[in-house]
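Below is one structure, written out as structure tokens; the observations come after it.
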Amino acid sequence: MRRVSRAWVLPSALGVVAVVAATLALAQQPKLLEPERAFAFSVQAVDESTVEARFAIANGYYLYRDKLKFSVEPVALAGTPALPPGKLKHDEFFGNVETYRGAVAVRLPLQGAQPGGSVTIKAESQGCADAGVCYPPQLQKVTVALPARGGRPGEPVYATPPKKSWFN
């Protein structure tokens, strides 16, 4: 009769416990969206000299109002964009700040735009997840065609196209 050593039992059991603990720790970490999905940027031409920049902000995320900046090429902005007021939030790093949740839309008046031409809108933004993770500043851009003088508004153009589901 062969005798089996039990010396291997304790190290093996400890190894299994370590793997289970690591798996549980990973499962408890929040699953974060990519920044371009958490803060989906799109632009729609309203008329030949105005575009509307929009952010669709995922549930559980927010954008800082004072971190939003827009620029346009090859033309210029006809003035400083009027950002809508945000909701006040006390941030442990930045103090009292205004934030946007859900969605935010900003009209951008264009100077020197050519009816029927196109412009590229660049948006700089920064936001965080309620899970306590903040993203570095992001730069997203969209090129949109402007309607001809008196033409109808265009369709929204997305910086990152929405993901298709199996049911669309």
Side-chain angles (χ1 to χ4, degrees), residues 25-115 117-147 150-165 167-168:
L26 283 174
Q28 292 174 351
Q29 291 181 351
K31 199 146 185 139
L32 298 174
L33 294 173
E34 300 145 348
E36 60 274 4
R37 299 281 179 210
F39 314 107
F41 179 59
S42 66
V43 176
Q44 181 177 16
V46 176
D47 58 36
E48 68 272 8
S49 62
T50 310
V51 296
E52 185 173 80
R54 299 180 185 141
F55 283 94
I57 305 163
N59 288 336
Y61 294 80
Y62 57 91
L63 277 178
Y64 291 108
R65 181 180 187 266
D66 67 338
K67 303 292 183 187
L68 277 184
K69 294 178 179 47
F70 297 97
S71 61
V72 185
E73 293 176 349
V75 299
L77 289 171
T80 303
L83 298 176
K87 298 224 183 227
L88 284 177
K89 172 182 175 53
H90 181 76
D91 186 283
E92 64 181 282
F93 299 107
F94 300 118
N96 292 328
V97 293
E98 287 183 76
T99 61
Y100 298 119
R101 289 183 179 271
V104 62
V106 180
R107 292 270 173 127
L108 304 174
L110 306 175
Q111 180 178 336
Q114 297 297 317
S118 64
V119 293
T120 299
I121 309 300
K122 293 182 182 179
E124 293 179 48
S125 65
Q126 185 174 13
C128 301
D130 288 337
V133 176
C134 287
Y135 293 87
Q138 301 295 313
L139 176 64
Q140 297 181 73
K141 66 181 181 175
V142 169
T143 299
V144 64
L146 299 173
R152 297 174 50 150
E155 292 294 317
V157 179
Y158 296 88
T160 303
K163 286 186 176 179
K164 298 220 180 231
S165 81
F167 304 107
N168 285 12

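As a basis for the values below, the full set of heavy atoms in this structure was taken, side chains included, without hydrogen atoms, waters or symmetry mates. Quick caveat: nothing in here was measured; it's all calculated off a predicted structure.
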Sole residue of Gln140, Lys141, Lys69 in side-chain contact (heavy atoms from CB on, under 4.5 Å) with Glu124: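 Running side-chain contact (heavy atoms from CB on, under 4.5 Å) over Gln140, Lys141, Lys69 with Glu124 returns exactly one hit, Lys69.
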Heavy-atom closest contact ([X] atom, [Y] atom, distance):
X	Y	answer
Tyr64	Thr99	CD2-CG2, 4.1 Å
Leu77	Gln111	O-OE1, 3.8 Å
Gly79	Pro109	N-CG, 4.4 Å
Ala53	Leu108	CB-CD1, 4.0 Å
Ala145	Ala45	O-CB, 3.4 Å

Output the distance between atom [atom1] ([X]) and atom [atom2] ([Y]), rounded to the nearest 0.5 Å.
X	Y	atom1	atom2	result
Arg37	Leu32	CZ	CG	15.0 Å
Ile121	Ser71	CD1	OG	8.0 Å
Gln138	Glu36	CD	CD	7.0 Å
Phe55	Leu68	CZ	CG	5.5 Å
Tyr61	Arg101	OH	CZ	11.5 Å

Evaluation steps, side-chain contact (heavy atoms from CB on, under 4.5 Å), between Leu110 and Leu146: CA-CA 11 Å; Leu110 306 175; Leu146 299 173; 4.0 Å; yes
Val51 vs Gln44, side-chain contact (heavy atoms from CB on, under 4.5 Å): CA-CA, chis, key distance, verdict: CA-CA 6 Å; Val51 296; Gln44 181 177 16; over 6 Å; no
With a 4.5 Å limit on heavy-atom distance, are the side chains of [X] and [Y] in contact?
X	Y	value
Val144	Glu52	no
Pro137	Lys67	no
Glu98	Asp66	no
Val157	Thr143	no
Pro147	Arg152	no
Tyr62	Val97	no

Keeping the roles fixed (side chain from [X], backbone from [Y]), state whether a donor-acceptor pair exists under 3.5 Å.
X	Y	answer
Tyr100	Ile57	no
Glu48	Pro115	no
Arg65	Pro84	yes

Geometric class of the Phe39/Tyr135 ring pair [parallel <30°, tilted 30-60°, perpendicular >60°]: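 The rings of Tyr135 and Phe39 stand perpendicular, inter-plane angle above 60°.
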CA sep, side-chain torsions, deciding dist, call: Lys122, Leu139, side-chain contact (heavy atoms from CB on, under 4.5 Å): CA-CA 7 Å; Lys122 293 182 182 179; Leu139 176 64; 4.0 Å; yes
